[in-house]
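First comes the structure, then the notes that go with it.
Only this structure's heavy atoms are used, side chains among them; waters, hydrogens and symmetry mates stay out. Just so you know, residue 1 is the first one in the sequence shown, and it goes up from there.
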Amino acid sequence: MVQLYNLHPFGSQEVVPCKLEPERFCGGGRDALFVAAGCKVEAFAVAGQGLCQPRCAFSTLGRVLRLAYSEAGDYLVAIEEKNKATFLRVYVNWRSKRTENSRVCIRMVGHDVEAPFSETFRDQMSIVEMPLSEAPLCISCCPVKGDLLVGCTNKLVLFSLKYQIINEEFSILDFERSLIIHIDNITPVEISFCIGYVAVMSDLEVLILKLESDPKNRESVNHHPRKTSNPVKLSEDISNETLQLESDDFVICQKPMELLGEKSKQSGIAVTLESTGLADEKIKYFHVQHLLYRRFAPDISSCVLSDDIKLHSLQLLPIYQTGSLTSERKHSSQEKELLSLFCFFSLPHVGYLYMVVKSVELMSVYQYPEKSQQAVLTPQFLHVITSNNLQCYTVRCSAAAAREEDPYVDTTLKVDYSNTYKTAKTQSCIHLLSEAHLLVRAALMDASQLEPGEKAELLEAFKESCGHLGDCYSRLDTQYSHLTLPYYKMSGLSMAEVLARVDWALEDGAQKYERGLIFYINHSLYENLDEELSEELAAKVVQMFYVAEPKQLPHILCSPSMKNIDPLTAISYLRKLDTSGFSSVLVTLTKAAMALKMRDLDMHRNEMKSHSEMKLVCGFILEPRLLIQQRKGQIVATEFAVQLKETQPGLLVASVLGLQKNNKIGIEEADSFFKVLCGKDEDTIPQLLVDFWEAQLVACLPDVVLQELFFKLTSQYIWRLSKRQPPDTTPLRTSEDLINTCSHYGLISPWVNVLISSESLADKNYMEDLSKLQSLICGPSFDIASIIPFLEPLSEDTVAGLSVHVLCHTRLEEYEWCIDRLLERCPEAVIPYANHELKEENRTLWWKKLLPELCQRIKCGGEKYQLYLSSLKETLSVVAVELQLRDFLNVLPEDGTAAFFLPYLLYCSRKKSLT
């Protein structure tokens, strides 16, 4: 908080020519001012510099005690006194009153207007009489909805704003008394009301409540008083004791108290709700949430309550957002979003500002050098009328609301500027810069009220203030030096422009770089910015980190922004590093990368030989940008990655796999990297990517990605087999390697080899892809049903395709389908298939499926007669062992030759005696 001496943020001054001395006044929105004097209220037009022009005037019942204006509904409400009686009246459609003698319509609140008289209300002012059972003491209008809250002794009465619809083109403003809030033990002097939040102030007490609606309970509580908090018994005892002691000429003063949140229920003030609105109203308040209770102590030097310790200027201030700080964010200028709510009240010499939404906390305390008469809070300033002048203080309502919405929009801490900079050399300077920055931000919060030129100027001032704050934090060694980063980012300055603001001059022969600047440069270089520093600036950055943060030097040199660094300069600094304190392999890899930039392949090879492959993988994990970078949102393979692709593809695949396992790169990002590296489009899969997928399976990644990997690999195997497309590079692993090292690749069934050997498949790459696919299908983890629809390109007309189809259907236990296909295409594989697959509960297929099928095909003869006959003999041998003689006879064909089956029958009959 800063007090502005002899400076007030007003663009102009206007004089109001009043005929009588003003007794009460209030603003009428942005274009009007109301002044009450005697039994008259005058409205003045506030349009520009000079005199305020009279707009209209109207008479009141008597002297005006309180006056308030509501922008929602555009009405004026007054508490008027006549003959020691007080009245509450609302002045509606006052803009239509042209002269003081113009006709005025007076009506009672809540009464329906008859149609013949309704049209007369269109062009004349109406006065709404609002009778109350008790005298009104104070009033407050909700700035959001226009509802009216009236304070009386021990209760508050809420009138909801509504409109009587006369026809499609015309409606009149009216109110309905919807709620009575009974409050014991406190007499309101001032009240404030805003969208369900109620603030009540007596001479020495402030109570803040929140009215809550609960539609689920409306049947049980509607139109019935509901007590929402019980008075503390202790307070009743104190009150009774106080009366007794005061009767004995003693005055008891209660001690000061501050209760926040739920603890404020212990204040001893009982609150009861009584719903008085119509049953069909949509919004009803049923519950009370206590937010704050604060009590101040009177001056005990006097038995009479002195004005010096009376509270004044109670105010609830809502903060809206109708614009944004950047032009990219779109926000409707007509739509207001409530961000936060603040409560202000003041003693003659001290003001208090609380935030009361989401959490209740004391934001600021304002000490006045003189006794205050009245104070007004705005989102940017607190204006205080003192005994001698008008004082102005900065406030942070808008900034606090913005931080509540986005805690990281400004800084990384909710900062207390009064205490932050006690150790800073330029404490006053940075403090004022911070306050100026907050004022600019506050002005931009409600950008709908700004002209385009004004908004552009404010945005420019905002960026400029951010730049100045970034400069301060970058040059000061404070615990808040990390704030350099967000302020420089919001300033819109490029990294080169920030570096141009740095003082590179040497101090006593040794350069010192503060933490804030190092923090900003380090994080900026990690963010994959599209900005490339010049060779000169890159060299200065290297020098800076060599002096201040030598451990970060290898990481800095790998940033895309340092692309223009002279590799000789980089290597000279890297050789000076003491690698005992941190990873030497990272320094080695960085030197190898710089050697490639110089085209010094010998140096590159020597650096790569200085560590084992496992350590090199760890080095790449420490700094992924040695292999993979992003420029303009696109993945780019580095020159280092291209070199590894040609010379050490296994190391490259292992390194990328390490990055993925350590969450340094995503699955899709890794796939895109290999495609970019190999110069393939999105639809073409290079062999190096297939090697990476196979390595992922070997590494046993979580089941979440397992089936996805199976799908990728099988799709690629099937595509290459169907197109007879060889891989573009030599695969890193053979099918035998995968079977031996990966549990997801299973042993291939022996009958498959019989099937494959029936045709000549000379292409080694073709056989490798086929073996990998067959092994994957034979593995324990593969979901066969998911791959069946994708087998169509692999025709059953080829032995390779047939083997894959039969394997898949076997895994699905469709053995009869498989037997039919093998008998048709490759009878020599039937018996090996049956021996391997038809076991346990499936052994019955030997005599129920295979035996009758063979007998039927033998009857038909043909070129495969001998193969069928040989298979039938082996089948009969198995069946003779498995079945009893009677069962064996039942499965034999009735028209078979007895001499052919006799040996098997004899073996079956002797089987029992032999055993």
Side-chain angles (χ1 to χ4, degrees), residues 1-14 25-27 29-30 33 46 49 69 71 143 190 192 194 199 312-323 325 336 338-357 362-404 410 415-418 428 431-450 454-455 457-458 461-462 465 469:
M1 176 266 294
V2 169
Q3 182 179 354
L4 305 177
Y5 293 99
N6 299 321
L7 174 65
H8 297 282
F10 302 122
S12 64
Q13 175 177 297
E14 300 187 32
F25 63 89
C26 70
R30 293 182 173 272
L33 177 70
V46 181
Q49 296 183 358
Y69 170 79
E71 189 170 0
E190 292 185 25
S192 187
C194 182
H312 66 79
S313 302
L314 176 68
Q315 183 180 350
L316 286 176
L317 177 70
I319 299 294
Y320 310 98
Q321 179 173 1
T322 59
L325 298 182
K336 285 191 175 183
L338 181 68
L339 293 183
S340 193
L341 188 68
F342 299 86
C343 181
F344 176 82
F345 49 87
S346 182
L347 287 169
H349 291 280
V350 188
Y352 299 89
L353 178 63
Y354 282 85
M355 177 187 285
V356 294
V357 169
L362 180 63
M363 293 286 297
S364 299
V365 177
Y366 300 89
Q367 299 283 348
Y368 314 137
E370 302 169 349
K371 180 181 177 182
S372 63
Q373 307 292 334
Q374 189 176 0
V376 176
L377 179 69
T378 70
Q380 297 85 17
F381 296 100
L382 173 67
H383 304 283
V384 182
I385 300 176
T386 66
S387 54
N388 293 318
N389 55 30
L390 173 64
Q391 294 181 351
C392 182
Y393 299 83
T394 59
V395 295
R396 299 187 192 88
C397 295
S398 295
R403 289 200 187 108
E404 188 74 18
D410 231 4
V415 176
D416 184 355
Y417 287 102
S418 300
S428 300
H431 195 175
L432 288 172
L433 277 174
S434 301
E435 292 294 340
H437 171 76
L438 291 177
L439 290 176
V440 176
R441 283 207 69 227
L444 287 169
M445 289 292 294
D446 197 357
S448 63
Q449 309 298 330
L450 301 174
E454 293 176 332
K455 183 175 181 181
E457 290 180 6
L458 278 175
F462 173 78
S465 69
L469 284 169

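Contact between Ser313 and Ala375 at its shortest, heavy atoms only, is OG-N, 2.8 Å. Pairing each heavy atom of Cys26 with each of Leu33, the nearest pair is O-CD1, 3.4 Å. Heavy-atom minimum distance, Ser387 versus Glu370: OG-CB, 4.0 Å. Contact record, Leu390 with His383: CD1-CB, 4.3 Å, taken as the closest heavy-atom pair.
Side chains of Ser372 and Gln391 form no contact here, defined as non-hydrogen atoms less than 4.5 Å apart.
Cys343 contributes atom SG, which lies 8.5 Å from atom CG of Leu353 (distance to the nearest 0.5 angstrom). The distance from the NZ atom of Lys371 to the NE2 atom of His349 is 7.0 Å, given to the nearest 0.5 Å. Remark: Leu314 CG to Phe344 CZ distance equals 10.0 Å, nearest 0.5 Å. Note that CG of Asn388 and CD of Gln373 are 9.5 Å apart. Values are rounded to the nearest 0.5 Å. The OG atom of Ser346 lies 7.5 Å from the CG atom of Leu382; values are rounded to the nearest 0.5 Å.
Of the candidates Val384, Val395, Leu377, Val395 is the only one forming a side chain to side chain contact (heavy atoms under 4.5 Å, CB included) with Tyr366.
Of the N and O atoms on the side chains of Tyr393 and Ser364, not one donor lies less than 3.5 Å from an acceptor on the other residue.
Among residues two or more places apart in sequence or in another chain, the side chain to side chain contact (heavy atoms under 4.5 Å, CB included) test is passed with Tyr352 by Arg294, Phe296, Phe345, Leu347, Val350, Tyr354, Leu362, Val365.
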